[in-house]
Amino acid sequence: MNRSSFLRSALVVASCLPALAAAVPTYTAIDLGGATTGLGINASGQVTGETQQVGGNPHAFLYSSGSMTDLGTLGGVESRATSINSVGQITGSSSTTGDASRHAFLYSGGIMTDLGTLGGTYSDGWGINASGQVTGFSSTTGEASWHAFLYFSGIMTDLGTLGGTYSDGKGINALGQVVGTSNISGDADYHAFLYSDGLMYDLNDLLSPGIGTTLTDAHGINDSGQIVANGNNGHAYLLTPDPVPEPGSLLLLATALGSVFGLRRKQQ
């Protein structure tokens, strides 16, 4: 092939690339069963959620490789799974024995572990990262308030609030950074937060420049630190840190967290 023929062929291939990139795939659907709600999926195609049992009580489930597994409960009549990580660990919540309370759980290796609460009777797990760290929210002693938590290796840490009585952790990345929503002082309003390195920050204070609205909640944070948050103007926002963390640094820290988690599991 001469040079001109090669260039013509290259141009033809290049002209097809946008069309290939924009192509919408077709999908093969697998029915997971009736009265089933899917709430989470990981990179391996494992699905989790809740499915109605005989009698009408929902149980958390794991769908993997064509098989549906009932995850059971923490002793009560119902459970729900909300999120699954890359290694198949699951979080959610379940009623406890006697159905007097409902607690967040971590399902790993066929065992559902009660994560407890921050002193109250209710907790719920919303997000889980690859190291098995869980975030969500829990009532405090006497049900006086509801606080976001970070659970790791047997310890539930109260993340506090932005000054009010309520906060809720909704997303967590590989570095253990948590995002969510919290009341501000006097419970006057809800603001989105970022919890990082032991401190909770109001995301509205970290914007440069400002966006002319108030971010009320954040639902997800990726391993580069990018956050998806919502404003009180009805708009969603993508927040990107400046500077963006180096991929190598992220990988090193994520690997270190995973190693610590594995070591602690062996010691328990």
Side-chain angles (χ1 to χ4, degrees), residues 27-53 57-74 76 78-95 102-116 123-138 148-154 156 168-180 195 218-224 226-228 250-251 254-255 257-262 264-265 268:
Y27 292 89
T28 299
I30 298 174
D31 189 344
L32 303 191
T36 298
T37 303
L39 297 172
I41 187 170
N42 65 12
S44 300
Q46 294 176 302
V47 176
T48 197
E50 64 180 24
T51 184
Q52 297 293 325
Q53 302 296 298
N57 294 313
H59 277 198
F61 74 82
L62 169 64
Y63 177 87
S64 181
S65 301
S67 177
M68 177 84 76
T69 300
D70 182 346
L71 304 190
T73 73
L74 293 172
E78 63 179 44
S79 61
R80 174 188 63 188
T82 53
S83 185
I84 182 170
N85 69 10
S86 59
V87 295
Q89 295 173 308
I90 296 168
T91 192
S93 64
S94 169
S95 56
R102 190 176 184 93
H103 290 183
F105 68 77
L106 171 64
Y107 182 89
S108 180
I111 299 173
M112 180 181 285
T113 299
D114 188 337
L115 303 192
S123 62
D124 206 338
W126 289 120
I128 184 170
N129 67 13
S131 299
Q133 294 176 297
V134 175
T135 193
F137 74 116
S138 169
F149 70 78
L150 174 61
Y151 176 92
F152 184 52
S153 194
M156 180 179 282
D168 186 359
K170 296 184 176 181
I172 184 170
N173 67 8
L175 306 182
Q177 295 175 305
V178 175
V179 294
Y195 180 87
H219 280 258
I221 179 169
N222 67 18
D223 295 343
S224 296
Q226 291 180 301
I227 297 168
V228 60
L250 290 170
L251 178 61
T255 301
L257 284 171
S259 298
V260 169
F261 176 70
R264 289 185 179 181
R265 287 187 65 187
Q268 290 178 341

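Atoms considered below: every heavy atom in the structure, side chains included; atoms not considered: hydrogens, waters and symmetry mates.
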- Flag, side chain of S94 to backbone of L74, donor-acceptor distance under 3.5 Å: yes
- Query: Would you say T135's side chain and F149's backbone share a donor-acceptor pair under 3.5 angstrom?
  - Reply: yes
- Query: N57 and Q53: side-chain donor and acceptor closer than 3.5 Å?
  - Reply: no
- Task: Identify the heavy atoms of S44 and S86 that sit nearest to each other, and give their distance.
- Result: OG-O, 4.3 Å
- Where do F61 and Y63 come nearest, in terms of heavy atoms and distance? CD1-N, 3.7 Å
- Task: May I ask you to test the R80-D124 pair for a side-chain heavy-atom distance under 4.5 Å?
- Result: yes
- Working to the nearest 0.5 Å, report the span between CD1 of I172 and CG of N222. 13.5 Å
- Message: Within this structure, what is the CG-OG1 distance for the pair L62 and T51, rounded to the nearest 0.5 Å?
- Response: 12.5 Å
- Message: Can you confirm whether the side chains of S138 and S123 place a donor and an acceptor under 3.5 Å from each other?
- Response: no
- For the pair N173 (side chain) and I221 (backbone), establish whether a donor and an acceptor sit closer than 3.5 Å, ignoring hydrogens and angles. no
- Taking all non-hydrogen atoms of both residues, which atom of A174 and which atom of Q133 are closest, and how far apart? O-OE1, 4.4 Å
- Item | Residue pair Y151 / T91, side-chain heavy-atom distance below 4.5 Å | no
- Task: Any chance you could measure N129, atom CG, to Q177, atom CD, to the nearest 0.5 Å?
- Result: 11.0 Å
- Task: List the steps and the verdict of side-chain contact (heavy atoms from CB on, under 4.5 Å) for V134 and F105.
- Result: CA-CA 9 Å; V134 175; F105 68 77; over 6 Å; no
- Item | Polar side-chain atom of N42 near backbone of N85 as donor-acceptor pair, under 3.5 Å | yes
- Query: Rounded to the nearest 0.5 Å, how far does OG1 of T48 lie from CD of Q89?
  - Reply: 12.5 Å
- Between the main-chain N or O of G72 and the side-chain N or O of S79, is there a donor-acceptor pair closer than 3.5 Å? yes
- Query: Do you see a donor-acceptor pair shorter than 3.5 Å between the side chains of S95 and E78?
  - Reply: no
- Query: Distance-only, no hydrogens or angles: does the S83 side chain make a donor-acceptor pair with backbone N or O of G125 under 3.5 Å?
  - Reply: no
- Message: Working to the nearest 0.5 angstrom, can you tell me the gap between I90 CD1 and I84 CD1?
- Response: 4.0 Å
